[in-house]
Amino acid sequence: MIRMTEPSKITSQNVPDHQPAAGGIAARARASVGPKYLSGLNPEQREAVETLDGPVLVLAGAGTGKTRVLTTRIAHILSQGRARPAEILSVTFTNKAAREMKHRLGQMLGHAVEGMPWLGTFHSIGGRILRVHAELAQLKSNFTVLDVDDQVRLLKQLLQADNIDDKRWPARMLAGLIDGWKNRGLMPSQVPSGEAAMFANGKGGKLYASYQERLKILNAADFGDLLLENIRIFREHPDILRQYQQRFKYILVDEYQDTNVAQYLWLRLLSQAPSATKAVVPGRVEDANYDAQLRVGQSRDESSALDSGSAPSAHPGMTEQAAIAAAPNAPTKNICCVGDDDQSIYGWRGAEVDNILRFDHDFPGAKVIRLERNYRSTGHILAAASHLIAHNEGRLGKTLRTEDQDGEKVTVTGSWDSEEEARGIGEEIEQIQRRGEKLNEIAILVRASYQMREFEDRFVTLGLPYRVIGGPRFYERAEIRDALAYLRVINSPADDLAFERIVNVPKRGLGDATVQMLHDHARKRRIPLFEAARAVVETDELKPKARGSLREVVAQFDRWRAQREVTAHTDLAQIVLDESGYTEMWQKDRSADAAGRLENLKELVRSMEEFENLQGFLEHISLVMDRDSGADEDAVSLMTLHSAKGLEFDNVFLPGWEEGLFPSQRTLDEQGRAGLEEERRLGHVGLTRARRRAMIYFATNRRIHGTWSTTIPSRFLDELPAANVEITESKGGSAWGGTGGYGASRFDDMEAFGSTYSTPGWQRAQANRNRGGGRTGGGGGGFEEQASSFSSSSSSGPDFGSFSSRRRGPLTIEGELVAKSTGTTSEFSLSDRVFHQKFGYGRVTKIDGNKLTIAFDKAGEKKVVDSFVQRA
DNA sequence: GCTAATGAAGTTTTT
DNA sequence: CTTCATTAGC
């Protein structure tokens, strides 16, 4: 299938892009007949696939077949013989996306794509390039990639060394600043002095510089370095840059709207046609471009001054930059960026929406193709999402269309409080389930993760299977990082951070004092901690107990290193975990998640098999390890709006649409209008996840950090088109807060609840609920449900009259508990010791059919379904 | 050096 | 109301 003959001749750098090469004509001829992979593409998609020459920006709205275009384009390039697999650079943001592309490419081409070596994430590809040229960054090719945790610990040490109060100037904050600078492509010397001075009374810049120095000593790079050091090397060594420019005949970029400045610069460099002509001095020209772009990162106003060519030359090379901007840029190769400005939701993490908004400016002559045919959602959902996003000003503008039916309207439901919201959604889900739909097709998308708890509690009570997506990634978990630290120390005795992490895990009686001592020793002799430990055990500076422990640790590592030569790396890992007592530590642990941690450790050892040796494993672990893909059992998905990007479900619940929560007050305060627009994009992302039903909720009262507060409906609700939205009533009206600061809301008209149960709206809502067949089983009426929970209430509730102040308390909702009951007597008896996956150990205090009330040791009293617990 | 008790703080997070 | 991190005490 893939023609790999005459590959590179056609698009060698000597052939200008606008000259259709022989392959191009052949391609067109063939395309008119239509290779199999092109069939089924709509005209825009097809254009995006077939426009191979020059820069292309594909604006792919939600659900318009973005991934399909990317993969088909690669297949097209390959089958046209335009390039070999190894000559295509294809970058994504996530490993998941990269894997998905590989997978679909394999399907499309009918066989596994052996060798698309340059398909991967920005970071994995950057890391790969950096390993080749590590010495140019004062690193060895086996450098360690530090994660955020290591970074912070390292910075903490630096702060301590500098006698900076890390209460006032937290290491996390500095880590954030440095990360931000790296995202913007700034080396320590390039950080604007004003920003560098922001931290610790002017020491910020200096700390950044010494942090970088420490990294080199530890033979380590952080995530930012993987790209930043690439850029530095490309700038300082044009010959190396040219080598890569020549290698990559085609560049494809996924999710372009999420690129930050560093990623932009990196792409920019690689995408320039190799400068065969000596007229252009690469280093110089590119410097100018960087400076310009870096200024964009600093200040939008300055950059616009730059565009007009009248900028004062605060930076060297500015004048040249102005000239270059006016003239056609350095010839650009075949770069194809796919993205959607309306789905840019990572601005707070350094993503520059401007990158996509300015694409045709940055890549002159770029062809912009819009994909606006949506194949995912129904008409009403699409209309609602489009109408909402149309309120944004800073966008390129797309109009999503569908040929699907209108479907059901988007619903907006107000609840009294967040607890009721969770209950309402739980009931709705049960209804959907009864209709025979899969739980896998249901998602709840929240703005902030603390919203999840309420749903989890509810689902546990209902016995409804759910899965939380997101959260700590696999390699970020403590047990994985500990295990990796052991392996890192074996692999690289100079890895002080890893050594420090595990020297007292499991507990060996080597506390802060001992570690501090080792540090002093190490610094004095300029040796790694591990070697310091080896030396110190020969002296009598330590108490006998600590000395013995430390001696044992050193001996163990020596032994493991020796074994490494003769033992398979997976076996070695197992041996290390066992002999160090690490496995045992978790086996003894009786907390709820110990079993899961042991399982994760097994998974880690299993995953090592994919790599040839320990070295190879460690090189890739931090870059390509993904969260464990949860079991594929049928369950509701619970996640943040951010982690929902790229996913789709038949039924999507969107709770918490209230001012302050969504849009988030903090974003509004910190980012102003830009922040509001990003929040709105988040709403757009949320809505467009839904294929058939989108259900929005807002509550009048929400508990945040333990205290209740009254909220007002989100302004985004008012921005939804009335024609596509249906306002449904929930028990208890809403809109207590009245009008917000931005005008009247139509949700203000919903009946206020007041302080009794007898308002007309409430009664009507109850009637609707019962009539609507919302429940099975007896006794499940909303009123009784409410009543029972009132009577069992206890603690201090929200301070809103007698109703609300008494309605909190344990979740004892008899109606539903009976409804779910199987009738059979539970196999548990009173005061049984039981174990629950989420809540840990507890004692049964009450039994009601298959519903147990359990007093958990740590989590307090909960009602759970008996199938969720096992005998302890 | 370890444990228990106090106190501060508390979005979103692809690598 | 939580969770974490640091701080007293044992």
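Everything numeric in this text was worked out from a predicted model, so none of it was measured.
- Position along DNA chain B of the nearest nucleotide to A/Ser124 versus A/Asp512 favours A/Asp512 as the more 5'-ward residue.
- Ring pair A/Trp181/A/Tyr208 is parallel by interplanar angle, where below 30° counts as parallel and above 60° as perpendicular.
- In this pair, A/Trp348 and A/Tyr346 present their aromatic rings tilted. The plane angle is within the 30 to 60° band.
- Minimum atom distance to the side chain of A/His642 is reached by B/dT13, of the listed B/dT15, B/dC2, B/dT13.
- For A/Thr514, the side-chain atoms get nearest to B/dG1 when compared with the rest of C/dC1, B/dG1, B/dT12.
- With A/Phe143 as the aromatic partner, A/Arg131 meets the cation-pi criteria of under 6.0 angstrom to the ring centre and within 45 degrees of the ring axis.
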Secondary-structure string, 5' to 3', Watson-Crick or G-U under 3.5 Å, | for another-strand partners, for DNA chain C: ||||||||||
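- If you check C/dT6, B/dT13, B/dG1 against the side chain of A/Trp348, the one that comes closest is B/dT13.
- Of the listed nucleotides (B/dT15, C/dT3, B/dT13), C/dT3 has the atom at the smallest distance from the side chain of A/Arg453.
- Within the 4.0 Å cut-off from OP1 or OP2 of C/dT6, at least one side-chain nitrogen or oxygen of A/Lys156 is found.
- Closest approach to the A/Ala513 side chain among B/dT15, B/dG1, B/dC2 is made by B/dG1 (side chain taken as heavy atoms from C-beta onward).
- Across B/dT12, B/dT13, B/dT15, the shortest atom-to-atom separation from the side chain of A/Arg447 is found for B/dT12.
- Nearest to the side chain of A/Arg666, among C/dT6, B/dT15, B/dG10, sits B/dG10.
- Residue A/Asn183 places no side-chain N or O under 4.0 Å from the OP1 or OP2 atom of B/dT15.
- The distance from atom CG of A/Asp457 to atom C1' of C/dT2 is 12 Å, rounded to the nearest whole Å.
- Minimum interatomic distance between A/Thr144 and A/Asp495 (heavy atoms only, all atoms of both residues): OG1-OD2, 3.6 Å.
- OP1 or OP2 of B/dT12 has at least one side-chain nitrogen or oxygen of A/Ser449 nearer than 4.0 Å.
- No donor-acceptor contact under 3.5 angstrom links the side chains of A/Asn701 and A/Trp708, judged on distance only.
- Between the side chains of A/Glu454 and A/Ser418, at least one donor N or O lies within less than 3.5 Å of an accepting N or O.
- By the 5.5 Å and 30° criteria, A/His705 is not stacked with the base of B/dA9.
- Ring centers of A/Trp657 and A/Tyr697: at least 6.0 Å apart, outside the cut-off.
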